[in-house]
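Report on the following structure.
Just so we're on the same page: letters track the sequence lines, and every chain starts at 1.
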Number of protein chains: 2
Amino acid sequence: MTGTRPPAREGERAAAPARDRRTRPTYDPSSLVEVAARVFNERGYDATSMEDLSAAAGITKSSFYHHVRGKEALLRAALERALDGLFGILDEPAASTGSPLTRLRHIVRRQVEVLVAELPHVTLLLRLRGNTETERWALARRREFDAAIARLVRDASAAGELRDGLDPAVDARLLSGLVNSLVEWYRPGRIPADALVAEVDRMAFEGLLAPAPASRRRPF
Amino acid sequence: MTGTRPPAREGERAAAPARDRRTRPTYDPSSLVEVAARVFNERGYDATSMEDLSAAAGITKSSFYHHVRGKEALLRAALERALDGLFGILDEPAASTGSPLTRLRHIVRRQVEVLVAELPHVTLLLRLRGNTETERWALARRREFDAAIARLVRDASAAGELRDGLDPAVDARLLSGLVNSLVEWYRPGRIPADALVAEVDRMAFEGLLAPAPASRRRPF
DNA sequence: CGGACAGGCGAACGATCGTTCGGTCGGGCG
DNA sequence: CGCCCGACCGAACGATCGTTCGCCTGTCCG
């Protein structure tokens, strides 16, 4: 990284737990994973140095290694959290009961909720390039999840529950792409999660268009 | 990059123009930008070394510098190509004539076509993190483009051409996200571009659902 | 009171990064 | 023919990377 760093938002270092002499900060591993995931997303994994991470945690680089195995271990922990959240959806009863469309719609809505709840970790998962063994492992698991959704789209299409499409496989990709694109702009607090779920569901299954293109909604 | 490199697809180096002593390879700048964009997308910009790039071009690292100013200059050239393609859409006559919905729909369809035509360059644009001045410049231009689309969605919504939605701004984000997600999976040759355009348009504006939720499409 | 120990630090390690430099080679032109 | 110049290369530069090491300090427990 020869490039100039971004403005380095104010108080980034102070974001760590209050460094009071009295109370041991006692960095628990999961909170460091959270910090790491946030910085990874800001700069990108490869462009993030251990110096960046330790500074965000409020300690020096060498101190940071007392709590953490290494850079890749942090990445793996964050990715596991994201994948556990996503695969947890498939284990819910509503994911395997009812018509394919009912199940698909439930999974999509829950996927949005998990994305919002685990935003930094899922964001990390969706930006992997597969440069290390850890990344390739996570990408493989993610492909499994996408395949489950693609299977459901195919079944719903075969059951006539979806609009006649050119290719259910393409529809599945578009559906996953639509949901996953949330991580590029959604930030917690701006929009309630349930409103976001409703909006995504509506766009995916009903589209943006007003119902009656020629005549008005309530004719006469 | 401590991580092990991905399998390094066969014949990556041989992808360069035939290194015949007789005919000077005469690397023109634009073809090197193309090669660089491809490798940047495979490994990620920060994880890509100049060694990677020069090897993909079929020459050594030091030779590579005879044709190229540096790593960031390659990035900028690729991003300019992507941005020129996208902003070119807004200059087309059909982008500013007709109802907001008509214009929006034309732009979306053209955006898919540009994405397909300039896939590596647009992919690069959509993955920027803003670590260097060049990246921040490109991100700012990209935000301009997205804002133009958001404006059109708002106008179409105000004109009653879109389904009553909760928030046109959210719809605009979802629409852009749906279109941009193409770069994550689409590869040329698998699906004709016009079929892809039709599928994206249909999903965005009409949704996945079969027209009549309760009764069948052709009753009786 | 003292020893153990976890938390934190500065300095340094080998590796790799982007970039530069000096030099070789060979075909085209005067 | 002889010169020139663009293409190309090996070697090395300083910087930064992830990681390790030795040491200091304060706290808690016996």
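Distance B/Phe40 CZ to C/dG18 P: 9 Å, rounded to the nearest Å. Rounded to an integer number of Å, the gap from A/Glu72 CD to D/dC17 C1' is 15 Å. What separates CG of B/Leu53 from P of C/dT19 is a distance of 10 Å, to the nearest Å. Note: NE2 (B/His66) to C1' (C/dG26) measures 15 Å, nearest angstrom. Here the P atom of nucleotide D/dC17 and the CD atom of A/Glu51 are 8 Å apart, to the nearest Å. The CD1 atom of B/Ile59 sits 21 Å away from the P atom of C/dT24 (whole-angstrom rounding). The distance from atom CG of A/Leu75 to atom P of D/dG18 is 13 Å, rounded to the nearest whole Å. Following rounding to the nearest Å, B/Asp46 (CG) and D/dT16 (C1') show an atom-to-atom distance of 13 Å.
Distances shorter than 4.0 Å separate none of the side-chain N or O atoms of A/Ser62 from OP1 or OP2 on C/dC9. The shortest distance between the side-chain N/O atoms of B/His67 and the OP1/OP2 oxygens of D/dC8 is below 4.0 Å. Side-chain N/O atoms of A/Ser63 include none lying less than 4.0 angstrom from OP1 or OP2 on C/dG8.
Under 4.0 Å is where a charged nitrogen must lie from a carboxylate oxygen, and between B/Glu34 and B/Arg38 no such pair does. Note on A/Glu184 versus A/Arg127: salt bridge recorded, some NZ/NE/NH1/NH2 to OD/OE distance being below 4.0 Å. Between A/Arg129 and B/Asp46 no salt bridge is recorded (no basic side-chain N to carboxylate O distance below 4.0 Å). A salt bridge links A/Arg76 to A/Glu80: at least one charged side-chain nitrogen sits closer than 4.0 Å to a carboxylate oxygen.
The side chain of A/Tyr65 lies closest to D/dT20, out of D/dC8, C/dG8, D/dT20. If you check C/dG18, C/dG8, D/dG18 against the side chain of A/Lys71, the one that comes closest is D/dG18.
With hydrogens and angles ignored, a donor-acceptor pair closer than 3.5 Å exists between the side chain of A/Lys61 and the base of D/dT19.
The two residues B/Ala37 and B/His121 come nearest to each other via the heavy atoms CB-CD2, 4.1 Å.
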